[in-house]
Peer 1: 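My questions will all concern the structure given below.
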Amino acid sequence: MIKQAIAKVVTGDDLTEEEMKSVMEMVLAGMATPAQVGAFITALRIKGETVEEITEAARAIRARTNKIQLASPLINIDRDEINVEEETILDTHGNGANGTHTFNISTATAFVVAGAGLNVAKYGNWALSRQCGSADVLVSLGVNLDINHADVEKCIQDVGIGFLYAPLFHGAMKAVAVPRQDVGLRSIFNLLGPLTNPAGATAQVLGVYEPLLTEKMAAVLQRLGTRQAFVVCGEETFDEISICGPTRVSELKDGKIKTFDMTPEEHGFKRVAPETVRGGDARQNAVIIQKILGGESGPQRDVVLLNAAAAFVAAGLDDSFKAGIGRAAESIDSGGARGKLDSLIDFTRQCKSFVRRVI
């Protein structure tokens, strides 16, 4: 089946939903060789993945995911960091496109959102080709990630925020780890990470690495049952809303998709140079997050406020970015966001060890 699929995709033809489902089930079950997986994801990338192909791939992964069961409302604030490939290394070191190493904006945003009362399931991994993944910075902040599935579930329910360590919930993804690293290009799996958060929230802010992907991924979320979402690609910060330039946004609301560009100025923020939101290693990024949660003003706080506002609007807490920005500022200035970090550290340190650091 996978040989037939590769041959079809190489000629530029799209796979049917059933064909994509069958291929993904083979791949995730370890029934395809690394060479076949590498050829398949490369051919898909060259052809361009369709909404139907991405949707069926996401459904196949979701079917093999250890899910989190929560009664309270939840929002996903995800971007792919399972493995952003050699192509992204070139981008972010200035030898390819116009990439930047930002600090962990989405991780800081997660604490701000949780501090305002929303439950947050942050999904991620250790850095493979990124300077600092969400797992790396959380450990530097003092969070214990070595906890089991039940404790993660209780953590999100009781604390209001938790970290979903990718290998613990997506064991089937190990079948594609080696081919992805060997190929070294962004592939469909970069798109699938944020679509397969085990918590399954119906509201989402999803970051993508190309402006042309925002509308496509919004259509995928629509097919997957997401109620409301923003899919974003920001200038100079890529898969987050930017304060360095315009951001392409596709909004999914009431079953309809609207795409537009937004600027930092229209929300009251000064446009800044990319260097002002750059990060470093895990320790450096942890210090930046601590300063933001401690109330320090500046561009780093501003970009977190803007991204948190999108989460509040997507979750239905606010009907405008202006209101969302105010709520985000209150979460920080009241100590709520910092309190969520402290509570997460305290909770996880009391848990019995479980996870092993295996990619």
Peer 1: Roughly how far apart are C244 SG and R278 CZ, rounded to 0.5 Å?
Peer 2: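 Result: 9.0 Å between the selected atoms.
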Peer 1: Is it the case that atom CE in M31 sees more than 12 heavy atoms from other parts of the structure closer than 6.0 Å?
Peer 2: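 For M31, atom CE is not crowded (no more than 12 foreign heavy atoms under 6.0 Å).
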Peer 1: Give the minimum heavy-atom separation between I257 and A218, together with the two atoms involved.
Peer 2: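 For I257 versus A218, the nearest heavy atoms are CD1-C, 3.7 Å.
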Peer 1: Check side-chain hydrogen bond (donor to acceptor under 3.5 Å, both in side chains) between D151 and all other residues, then give those that pass, not counting sequence neighbours.
Peer 2: none
Peer 1: Considering only heavy atoms from C-beta outward, does the side chain of M20 approach that of I188 to under 4.5 Å?
Peer 2: yes
Peer 1: Any chance you could lay out the side chain to side chain contact (heavy atoms under 4.5 Å, CB included) test for L138 and L141, step after step, and finish with the verdict?
Peer 2: CA-CA 5 Å; L138 285 169; L141 285 166; 4.3 Å; yes
Peer 1: Could you report the tightest heavy-atom contact between V112 and A337, atom names first, then the distance?
Peer 2: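 Of all heavy-atom pairs spanning V112 and A337, the closest is CA-CB, 3.8 Å.
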Peer 1: Is there a side-chain contact between K352 and N148, using heavy atoms and a 4.5 Å cut-off?
Peer 2: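 Counting from C-beta outward, K352 and N148 never come under 4.5 Å.
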Peer 1: Taking only residues two or more places apart in sequence, or in another chain, which ones meet Y209 in a ring-ring contact (aromatic ring centres under 6.0 Å, His included)?
Peer 2: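 For Y209 there are no ring-ring contact (aromatic ring centres under 6.0 Å, His included) partners, ignoring immediate neighbours.
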Peer 1: Please assess F269 against F321 for the test ring-ring contact (aromatic ring centres under 6.0 Å, His included), listing each intermediate value before the final yes or no.
Peer 2: CA-CA 12 Å; F269 296 110; F321 271 77; over 10 Å; no
Peer 1: If only atom types and distance count, is the side chain of K216 paired as donor or acceptor with the main-chain N or O of E49 below 3.5 Å?
Peer 2: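 Yes, the answer is positive, given that a donor and an acceptor are paired below the 3.5 Å cut-off.
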Peer 1: Would you mind listing every side-chain hydrogen bond (donor to acceptor under 3.5 Å, both in side chains) that reaches into residues 311-327, with sequence neighbours excluded?
Peer 2: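 Matches after skipping sequence neighbours: D318-R327.
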Peer 1: How would you list, by chain and number, every residue that makes a side-chain hydrogen bond (donor to acceptor under 3.5 Å, both in side chains) with D254, sequence neighbours excluded?
Peer 2: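 D254: no side-chain hydrogen bond (donor to acceptor under 3.5 Å, both in side chains) contacts found.
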Peer 1: Can you list the steps and then say if V231 with V249 is a side chain to side chain contact (heavy atoms under 4.5 Å, CB included)?
Peer 2: CA-CA 6 Å; V231 184; V249 181; over 6 Å; no
Peer 1: To the nearest 0.5 Å, what is the distance between CG (L206) and SG (C233)?
Peer 2: 11.0 Å
Peer 1: Look only at the side chain of D239 and the backbone of G207, and say whether a donor-acceptor pair between them is shorter than 3.5 Å.
Peer 2: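 No, D239 side chain to G207 backbone: no donor-acceptor pair under 3.5 Å.
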Peer 1: side-chain hydrogen bond (donor to acceptor under 3.5 Å, both in side chains) with D342: which residues, sequence neighbours excluded?
Peer 2: R338
Peer 1: Do F163 and V152 come within less than 4.5 Å of each other through their side chains, counting heavy atoms only?
Peer 2: no
Peer 1: Does any pair with a residue in residues 289-304 pass salt bridge (Lys or Arg N to Asp or Glu O under 4.0 Å), and if so which ones, sequence neighbours excluded?
Peer 2: R301-D333
Peer 1: Could you pull out all residues at least two apart from K47 that satisfy side-chain contact (heavy atoms from CB on, under 4.5 Å)?
Peer 2: V9, D14, L44, T50, E53
Peer 1: Keeping the roles fixed (side chain from Q36, backbone from T33), state whether a donor-acceptor pair exists under 3.5 Å.
Peer 2: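 Present.
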Peer 1: Can you confirm whether R248 sits close enough to V232 that some side-chain heavy atom of one is under 4.5 Å from a side-chain heavy atom of the other?
Peer 2: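 No, side chains not in contact.
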Peer 1: What is the distance from atom CD of Q157 to atom CG of N119, rounded to the nearest 0.5 Å?
Peer 2: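 Between Q157 CD and N119 CG, I get 6.0 Å after rounding to 0.5 Å.
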Peer 1: Check side-chain hydrogen bond (donor to acceptor under 3.5 Å, both in side chains) between E266 and all other residues, then give those that pass, not counting sequence neighbours.
Peer 2: T263
Peer 1: Is there a side chain to side chain contact (heavy atoms under 4.5 Å, CB included) between F103 and I292 once you walk through the steps?
Peer 2: CA-CA 11 Å; F103 70 96; I292 294 169; 3.6 Å; yes
Peer 1: Please name the pair of heavy atoms, one in V183 and one in G38, separated by the smallest distance, quoted to 0.1 Å.
Peer 2: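 Looking at all heavy atoms of both residues, the shortest contact is CG2-CA, 3.7 Å.
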Peer 1: Which atom pair, heavy atoms only, marks the closest approach of A58 to T196?
Peer 2: O-CG2, 3.8 Å
Peer 1: Between N307 (side chain) and V303 (backbone), is there a donor-acceptor pair under 3.5 Å?
Peer 2: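 Answer holds: yes.
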Peer 1: So, R271 and E265, do they make that salt bridge, N to O below 4.0 Å?
Peer 2: yes
Peer 1: Under the side-chain contact (heavy atoms from CB on, under 4.5 Å) test, which residues partner T226, sequence neighbours left out?
Peer 2: L221, A229, L252
Peer 1: Roughly how far, to the nearest 0.5 Å, is CD of E235 from CD1 of I243?
Peer 2: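 One finds 12.5 Å between CD1 of I243 and CD of E235.
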Peer 1: Would a distance-only check, ignoring hydrogens and angles, find a side-chain to backbone donor-acceptor pair under 3.5 Å from N104 to T107?
Peer 2: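 No; judged by distance alone, with no hydrogens or angles, the pair does not exist.
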Peer 1: Which pairs count as side-chain hydrogen bond (donor to acceptor under 3.5 Å, both in side chains) when at least one residue sits in residues 15-25, sequence neighbours excluded?
Peer 2: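 Found K8-E19, T16-E19, E17-R223.
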Peer 1: Which atoms form the tightest heavy-atom contact between A328 and F312, and what is the distance?
Peer 2: N-CE1, 3.6 Å
Peer 1: With distance as the sole test, does N190 use its side chain to make a donor-acceptor pair with the main-chain N or O of S187 at under 3.5 Å?
Peer 2: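 Pair found, side chain donor or acceptor close to backbone of S187.
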Peer 1: Does N144 offer a backbone N or O that forms a donor-acceptor pair with the side chain of T348 under 3.5 Å?
Peer 2: yes
Peer 1: Sequence neighbours excluded, which residues qualify as side-chain contact (heavy atoms from CB on, under 4.5 Å) partners of A5?
Peer 2: L15, V23, F40
Peer 1: Just to verify, what does I345 make a side-chain contact (heavy atoms from CB on, under 4.5 Å) with, not counting sequence neighbours?
Peer 2: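 Testing I345 for side-chain contact (heavy atoms from CB on, under 4.5 Å), a comparison that skips the adjacent residues, returns V143, L341, R349.
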Peer 1: Considering non-hydrogen atoms only, spot the tightest contact between S250 and T259 and give its length.
Peer 2: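 Looking at all heavy atoms of both residues, the closest pair is OG-OG1, 2.7 Å.
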Peer 1: Would you please test I75 and V113 for side chain to side chain contact (heavy atoms under 4.5 Å, CB included) and show each step?
Peer 2: CA-CA 9 Å; I75 184 164; V113 172; 4.0 Å; yes
